[in-house]
A.B. asks: 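Just dropping this structure here.
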Amino acid sequence: QVQLVESGGGLVRAGGSLRLSCAASGGTFSTYNMGWFRQAPGKEREFVSTITWSGTSTSYAESVKGRFTISRDNARSTVYLQMNSLKPEDTAVYYCAAGHLVGSNPKFYAYWGQGTQVTVSS
């Protein structure tokens, strides 16, 4: 059983930056592919980014490509999401997820954190 705890959310002005962290415990972190998803009020949860267990491959939603960067530190059992040039439409609860499959489908991920709120003001 893997437990995931996100942190780093907050309120930021448009154009600003935030760095989200997701700390894992209770499993072998280095064997899991990790993903970031987000959910805005009244909308479905959507894919943001994913990184393979080794960190050698990443992918991004078109809406965040070039602005967000996913990374991981297997020694610290932590995955990060660096978010730059934030826009009001990035406002959402951000969730990290762990699974043995990789991709943009939330069903690929067996374990989820509780989420961290990101609010971008205009």
A.B. asks: Side chains of Trp36 and Val79: does their closest heavy-atom pair fall under 4.5 Å?
C.D. replies: yes
A.B. asks: Could you see if Val93 belongs to whatever hydrophobic cluster contains Val118? Use Ile, Leu, Val, Met, Phe, Trp, Tyr and a side-chain cutoff under 4.5 Å.
C.D. replies: no
A.B. asks: Determine whether a donor-acceptor pair (N or O, by modelled atom type, separation under 3.5 Å) exists between the side chain of Glu6 and the backbone of Gly115.
C.D. replies: yes
A.B. asks: Just how far is it from atom CD1 of Ile70 to atom OG1 of Thr50, taken to the nearest 0.5 Å?
C.D. replies: 5.5 Å
A.B. asks: Compare every heavy atom of Ser54 with every heavy atom of Thr56, then report the nearest pair and how far apart it is.
C.D. replies: OG1-OG, 2.7 Å
A.B. asks: Hey, could you give me the OG/CE distance between Ser77 and Met34, rounded to the nearest 0.5 Å?
C.D. replies: 9.5 Å
A.B. asks: Which value, rounded to the nearest 0.5 Å, describes the distance between Phe29 atom CZ and Thr31 atom OG1?
C.D. replies: 9.5 Å
A.B. asks: Can you tell me how far the CD atom of Gln114 sits from the CG atom of Leu4, to the nearest 0.5 Å?
C.D. replies: 9.5 Å
A.B. asks: Nearest 0.5 Å please: distance from the CD1 atom of Ile51 over to the OG atom of Ser57.
C.D. replies: 8.5 Å
A.B. asks: Does NZ or CZ of Arg72 lie under 6.0 Å from the centre of the six-membered ring of Trp53, at an angle within 45° of the ring axis?
C.D. replies: no
A.B. asks: Can you tell if the side chain of Leu81 reaches within under 4.5 Å of the side chain of Tyr94, non-hydrogen atoms only?
C.D. replies: yes
A.B. asks: Answer whether the closest heavy-atom distance between the side chains of Asn33 and Phe108 falls below 4.5 Å.
C.D. replies: no
A.B. asks: Please tell me if the side chains of Glu89 and Val120 come closer than 4.5 Å, counting only heavy atoms from C-beta onward.
C.D. replies: no
A.B. asks: Kindly say whether Gly9 contributes a backbone atom to a donor-acceptor pair with the side chain of Thr116 at under 3.5 angstrom?
C.D. replies: yes
A.B. asks: Step by step, would you call Ser30 with Thr28 a side-chain hydrogen bond (donor to acceptor under 3.5 Å, both in side chains)?
C.D. replies: CA-CA 6 Å; Ser30 60; Thr28 307; over 6 Å; no
A.B. asks: Distance-only, no hydrogens or angles: does the Arg67 side chain make a donor-acceptor pair with backbone N or O of Ser85 under 3.5 Å?
C.D. replies: yes
A.B. asks: Might you work through the side-chain contact (heavy atoms from CB on, under 4.5 Å) test for Ser49 and Phe68, ending with a clear yes or no?
C.D. replies: CA-CA 8 Å; Ser49 182; Phe68 291 10; 5.9 Å; no
A.B. asks: State which residues pass salt bridge (Lys or Arg N to Asp or Glu O under 4.0 Å) with Arg38; sequence neighbours excluded, sorted by chain then number.
C.D. replies: Glu46, Asp90
A.B. asks: Under 3.5 Å, which donor-acceptor pairs link side chains of residues 14-23 to any protein atom two or more places apart or in another chain?
C.D. replies:
residue	atom	partner	partner atom	Å
Ser17	OG	Asn84	OD1	2.9

A.B. asks: Would you say Trp112 and Phe47 are hydrophobically clustered, going by side-chain heavy atoms of ILVMFWY under 4.5 Å?
C.D. replies: yes
A.B. asks: Do the two ring centres, one from Tyr109 and one from Phe37, sit under 6.0 Å apart?
C.D. replies: yes
A.B. asks: What heavy-atom pair brings Val48 and Val64 nearest, and what distance separates the two atoms?
C.D. replies: O-CG2, 3.6 Å
A.B. asks: For the pair Tyr111 and Tyr32, name the ring-plane relationship: parallel under 30°, tilted 30 to 60°, perpendicular over 60°.
C.D. replies: perpendicular
